[in-house]
Amino acid sequence: MESNTLTITDNRTGRTYTLPIQDGTVRAMDLRQIRISDDDFGLMTYDPAFMNTASCRSSITYIDGDRGILEYRGYPIEVLAEHCTFLEVAYLLLFGELPNESELKEWVSQITHHTMIHETTRKFMEGFRYNAHPMSMLVSTVAALSSVYPEAKNVHDEANRLLQVKRLIAKMPTIAAMSYRHSVGFPYVFPDNDLTYTENFMNMLWRMVEPKYAANPVLARALDILFILHADHEQNCSTNTMRSVGSSEADPYSSVAAAAAALSGPLHGGANEQVLKMLDEIGTKENVPAYIQHVKDGHGKLMGFGHRVYKNHDPRAKIIKWTAEQVFQITGRNPKLDIALELERIALEDEYFVKRKLYPNVDFYSGIIYQAMGFKPELFTVLFAIPRTVGWLAQWQEMHLDAEQKIARPRQIYTGQRKRAFIPMEERQAAAVLKA
Ligand code: ACO
């Protein structure tokens, strides 16, 4: 018998099946042949929250969660963060290779020339309530772009797909900055094509009456590094949403809006905003032990700690700590850092966290840097969505080129009742469900 196989005996029937093992997986569809009778549907796997299910083949991002390794297209994240710009990494993620000098110049020029948004989109944004959360505005406005570019639905046309990819990468910072300006009541600032991707974003966020915005180079580089670290992270909640929505052949604006909505949750990209709230709530270094006890007693989670995949240090958290030092030399030290460091120190020694392999994740320190740089906490998840758009689009492209992919459609185990007798209105008992 071939060694790369799995032999299963169904004790219900006594029959034995041999399934191929490829890349450390068995195909769930191979289980379907395991039946107890001809009219049996066949064996399925049950995997709530995809704890142990590969949903695709991908050559974009490699993670070894036990060893704390993260690579984009085979390049370690540490190397890319040190040597590349964000748009260079975006090119790598999308096209598989680092660009040479002329390719990069052309790529940057193309992205730079798609940063403007249509006037109707600007007016659309003006309609948001004065205190709308920037992430809600971003999600809705990105979805609305599908009405501005109806041709985007031609998802099988490669040139058309690429055009939408460039538009999305270029317009995310513009929409993000406008969401912020709207929430603080400042007039919108138009993109400046002389500036780099991150400098221009800072310009659109913070330019006031000065004729030309000059970004601090250390802060612009720090933001670029943070964008590199957030650009992709294989099959997480939002990327799975991007692929799932995209699998119905929805246009990329609708798919990115859905992915961004998934990112907004506090257990995913929304965690960085929650970390700041938590540090505010803790207040001082001295209150840290009591807060940790509070978490251990089952009252909430330590935000910015834990990860589905990393059961060791998140390699991005280390780079973020280094970047924080550079930023604090310009902005001064964020006093919340001391609380965060104490929290990390105690948590990493505490049996509860050690046993569960809970380490600081990317969101633990990013919020502290962002705050020192002048970003409001409400903008933190938006700052995550801008670079992650690149990862979502790379994964979306890969999905469209993968002949094995079809519309995503999981199975279920039905647990409800069957074939109930209809009850006429006058005989029904009040179920009291609306009183809750
Ligand atoms: N604080 C305290 N306890 C925690 C934490 C935490 N941050 N994270 C997990 N645990 C505990 C769980 O209560 C559980 O304990 P139990 O075994 O006694 O029931 C155990 O550790 C395992 O946790 P799960 O929730 O099963 O792990 P899962 O892989 O499903 O969740 C997640 C991962 C969602 C990231 C979780 O660790 C969490 O909620 N962390 C806080 C939110 C956060 O920082 N999210 C950002 C993640 S990074 C990103 O998305 C960019």
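When reading the values below, keep in mind they use all heavy atoms of this one structure, side chains included, and skip hydrogens, waters and symmetry mates. Please read these numbers as outputs of a predicted model, since none were measured by experiment. For ligands, and for the atoms within them, numbers begin at 1 and follow the listed sequence.
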Quiz item: Is any side-chain N of the basic residue among E273 and K277 closer than 4.0 Å to the acidic one's carboxylate O?
Solution: yes
Quiz item: For ligand 1, is F364 a contact, meaning one of its heavy atoms is under 4.0 Å away?
Solution: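 It does not; every heavy atom stays at 4.0 Å or beyond.
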Quiz item: Has ligand 1 got any nitrogen or oxygen that is less than 3.5 angstrom from a nitrogen or oxygen of G304?
Solution: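 Yes.
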Quiz item: At a 4.0 Å threshold, what atoms of ligand 1 neighbour a non-hydrogen atom of R308?
Solution: 28 (P), 29 (O), 30 (O), 33 (C)
Self-check item: Cation-pi check, R73 onto Y75 ring (under 6.0 Å, within 45° of axis)
Solution: no
Measure the distance from [atom] to every protein heavy atom, then report the residue, atom name and distance (to 0.1 Å) of the closest one.
atom: atom 43 (C) of ligand 1; value: A271 CB, 3.6 Å
atom: atom 40 (N) of ligand 1; value: F305 O, 2.9 Å
atom: atom 2 (C) of ligand 1; value: V295 CG1, 3.6 Å

Quiz item: How are the rings of H294 and Y291 set relative to one another: parallel (under 30°), tilted (30 to 60°) or perpendicular (over 60°)?
Solution: tilted
Exercise. Classify the angle between the aromatic ring planes of Y370 and H230 as parallel (below 30°), tilted (30 to 60°) or perpendicular (above 60°).
Key: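 Judged by the thresholds at 30° and 60°, the geometry between Y370 and H230 is tilted.
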Quiz item: Among V362, L358, N361, which one has a heavy atom closest to atom 10 (N) of ligand 1?
Solution: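 Checking each option, the heavy atom nearest atom 10 (N) of ligand 1 is found in L358.
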Practice problem: May I ask which of R388, K301, R356, H299 has a heavy atom nearer to atom 25 (O) of ligand 1 than the others do? | Solution: K301
Self-check item: Heavy-atom protein neighbour under 4.0 angstrom from atom 22 (C) of ligand 1
Solution: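 Given the 4.0 Å cut-off, atom 22 (C) of ligand 1 does not count as touching protein heavy atoms.
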